[in-house]
2 protein chains.
Amino acid sequence: MTMNAAGGRRRPPTIHDVAREAGVSRGTVSRVLNGGHYVSPAAQEAVNAAIRRTGYVVNRHARSLITGRSDSIGFLLTEPQERFFEDPNFNVLLRGCTQALAAHDIPLLLMLAGTEDERRRITRYITAGHVDGVLLVSSHSGDPVAERLREAGVPLVACGKPIGLASKVSYVAADDRDGARDMVRHLLSLGRRRVGTVTGPLDTPGGVERLAGYGEVLAEAGLEFDERLVVSGDYSRASGEAGAEHLLARAPDVDAVFVASDLMAQGVLTALHRAGRRVPEDVAVGGFDDSPAAVAARPELTTIRQPWDRISSEMVRVLLAQIGGEDPAAVILPTELVKREST
Amino acid sequence: MTMNAAGGRRRPPTIHDVAREAGVSRGTVSRVLNGGHYVSPAAQEAVNAAIRRTGYVVNRHARSLITGRSDSIGFLLTEPQERFFEDPNFNVLLRGCTQALAAHDIPLLLMLAGTEDERRRITRYITAGHVDGVLLVSSHSGDPVAERLREAGVPLVACGKPIGLASKVSYVAADDRDGARDMVRHLLSLGRRRVGTVTGPLDTPGGVERLAGYGEVLAEAGLEFDERLVVSGDYSRASGEAGAEHLLARAPDVDAVFVASDLMAQGVLTALHRAGRRVPEDVAVGGFDDSPAAVAARPELTTIRQPWDRISSEMVRVLLAQIGGEDPAAVILPTELVKREST
DNA sequence: CGATCAGTTGGGAACGTGCACACACAGCAA
DNA sequence: TTGCTGTGTGTGCACGTTCCCAACTGATCG
């Protein structure tokens with residue numbers, strides 16, 4: 001009467017069952033599971049056979065309870081959710097991190113915390129020790145979540161240098177300033193002299209650094225810095241469109257635009273098209289990221305390639321090292337100019 | 001000497017600490033935590049105050065160990081990963097499910113299983129009981145993961161009717177056939193008579209049903225079914241582009257195309273543009289999904305809106321009900337024609 | 001020959017929680 | 001009084017694992 005009905009979910013085998021099946025003790029099975037040190041070849045073989053026969057899988061909850069580790073990593077996004085889904089960069093980054101962690105057999109927990117309410121819930125969830133570390137893919141200055149996690153001592157790696165935080169936080173970033181310099185030099189090399197820019201949000205490192213690179217190259221070329229050529233955006237397609245309209249209104253003679261993200265560049269293209277400007281004949285457009293948006297755009301975007309695959313694998317490497325007890329570290333990776341149709 | 005260094009992670013408070021702080025027993029604290037039945041107002045207040053003071057958060061590993069529940073849900077995608085990141089539909093669905101589950105304070109575990117190797121790992125992970133249920137967002141026929149999970153008795157809700165599976169599996173789907181009918185009728189109402197189609201993969205319910213709706217309406221309008229007007233795709237942008245080229249080669253007089261996804265429709269637009277056909281003047285193009293890709297396209301796509309927000313909330317509702325012991329259920333939701341520039 | 005040591009094994013304790021149970025107490029009916 | 005019901009409270013046990021310590025082997029060393 002108390003037996004499980006056929007087809008129902010029967011009690012999964014425990015380490016105890018395996019030990020009995022193999023004729024050894026729990027301790028020996030546990031040792032086999034965790035590296036196999038101090039176990040005789042005979043016992044090792046018997047245990048492995050028993051595991052195969054019983055179909056045993058370790059109960060991670062029980063293990064986590066005693067080790068204090070969860071063997072999982074969180075992928076935390078504190079942006080409004082639209083940003084995540086609109087911006088292909090996040091997708092690429094997520095895929096890269098998933099793959100890098102798969103090599104360690106560690107599942108990735110995707111956490112979206114767009115509202116303050118969700119941020120509180122997520123913070124509680126994380127500080128409860130349900131993930132061993134966090135990959136933070138948004139880094140506005142003054143982000144309360146990052147600060148709270150840092151205070152709680154949660155291992156943390158940011159994508160892009162966090163601005164407002166104390167120095168003791170790891171991050172991995174592309175060389176934004178250098179990439180911006182490459183692009184603006186490229187635009188100048190095409191003979192353009194009225195080079196405008198649509199910046200990223202200026203409370204993010206990417207926004208600040210790319211603008212700085214733009215300014216540097218113009219200065220080095222002996223061109224005056226004309227603030228009518230500078231408008232700011234928030235990385236969204238819509239802000240690129242609005243930015244380009246501003247630009248055209250304030251500086252109608254603009255002949256090139258360096259846009260701080262591909263997605264915004266799509267918006268810029270839309271606005272230019274509507275204004276009757278041809279790309280690249282009348283206005284050359286350079287993007288940033290080399291995201292899928294770059295090849296989806298018409299014309300296809302010349303852009304600065306961020307090495308997303310390396311960024312994600314480095315983030316994972318640094319985070320795992322930090323969980324293992326190492327000190328925080330910062331990694332800067334080089335970018336690359338990719339020429340397409342828009343310049 | 002054994003004290004924690006300042007700034008380090010100190011031992012988190014347990015239910016024991018809270019009980020001592022509040023002057024009650026563990027059991028009372030546990031009762032407050034789980035609903036507060038059979039607890040006096042005085043004790044309730046004392047416990048809540050103690051929780052606030054100690055900063056206690058429940059240890060989910062310990063709870064899961066005894067309850068056998070993980071209080072988390074898996075979002076499982078067995079497609080090759082590129083599909084997930086290219087296709088905006090998945091993003092919208094993911095967001096909807098995340099939000100719906102947030103209302104229940106349940107975190108969502110995103111699992112990508114593109115390769116057979118990963119599928120094995122993920123299956124093991126799931127059947128080990130580390131999620132309470134699975135939202136399955138891919139449903140090719142013969143998907144081995146779905147079958148394995150069903151056999152293991154894991155609560156499961158698919159997005160779209162699974163073709164090859166036994167009937168006892170829940171699913172939520174839009175009314176694909178009816179949506180396709182609406183679109184084709186719309187194209188005919190514009191006076192088009194050579195209406196082609198680029199189908200979805202024909203081992204998925206969406207692919208099959210949308211094609212069926214297309215055929216039905218043509219037949220009802222007294223138009224002959226011309227197989228030169230039918231090409232199949234796989235929902236990717238690239239397959240839409242290739243499909244349109246096929247279509248133009250085999251039926252140059254085509255004056256409208258019903259494309260089974262917005263993403264493929266983007267590819268169709270690209271191919272038509274390259275072939276010098278104007279949209280919608282020469283060829284009207286209708287998509288399916290009303291995903292972000294529809295408004296990103298140039299011209300913006302007329303399409304069939306899938307109610308993604310309702311689909312995701314229904315998937316969550318049905319899954320939670322099933323975890324609670326209810327029987328599997330199927331839900332079909334209506335679609336809506338959205339007119340834009342491409343027709 | 002006793003002592004030491006590296007390798008190997010078994011079993012007790014603990015991790016933090018939920019649950020079943022025992023129990024206390026008040027109110028009320030027999 | 002005795003019994004009974006419903007509410008509120010404390011305690012032992014179990015969940016499945018890892019960690020730690022003790023014990024047992026041979027082999028080597030002083």
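Not measured: the values here are computed from a predicted model. Letters go in sequence order (proteins before strands), and every chain restarts at 1.
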Checklist line | Side-chain N,O (B:S40) to OP1/OP2 (D:dT9) below 4.0 Å | finding: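 For B:S40, the contact criterion (side-chain N or O under 4.0 Å from OP1 or OP2 of D:dT9) is met.
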Checklist line | Distance below 4.0 Å between A:Y38 side-chain N/O and C:dT8 OP1 or OP2 | finding: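 Checking C:dT8 against A:Y38, no side-chain N or O comes under 4.0 Å of OP1 or OP2.
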Notebook entry, point to check: Reading nucleotides 15-27 of chain D from the 5' end, what letters show protein touch, with B for base, S for backbone sugar-phosphate only, - for no heavy atom under 4.0 Å?
Noted result: BBBB---------
Next item on the list: Could you grab the distance from atom CG of B:N91 to atom CZ of A:F90, nearest 0.5 Å is fine?
Entry: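 Answer rounded to 0.5 Å: 12.0 Å.
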Next item on the list: Supply the atom-to-atom distance A:E326 CD to A:L319 CG, rounded to the nearest 0.5 angstrom.
Entry: 11.5 Å
Note to self: With heavy-atom distances below 4.5 Å as the criterion, would you say the side chains of B:Y171 and B:L156 are in contact?
What the structure shows: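 A side-chain contact is absent here, since even the closest heavy-atom pair is not under 4.5 Å.
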Checklist line | A:E151/A:R148 salt bridge by N-O under 4.0 Å criterion | finding: no
Note to self: Please verify the inter-ring angle class for B:H61 with A:H61; under 30° counts as parallel, over 60° as perpendicular, anything in between as tilted.
What the structure shows: tilted
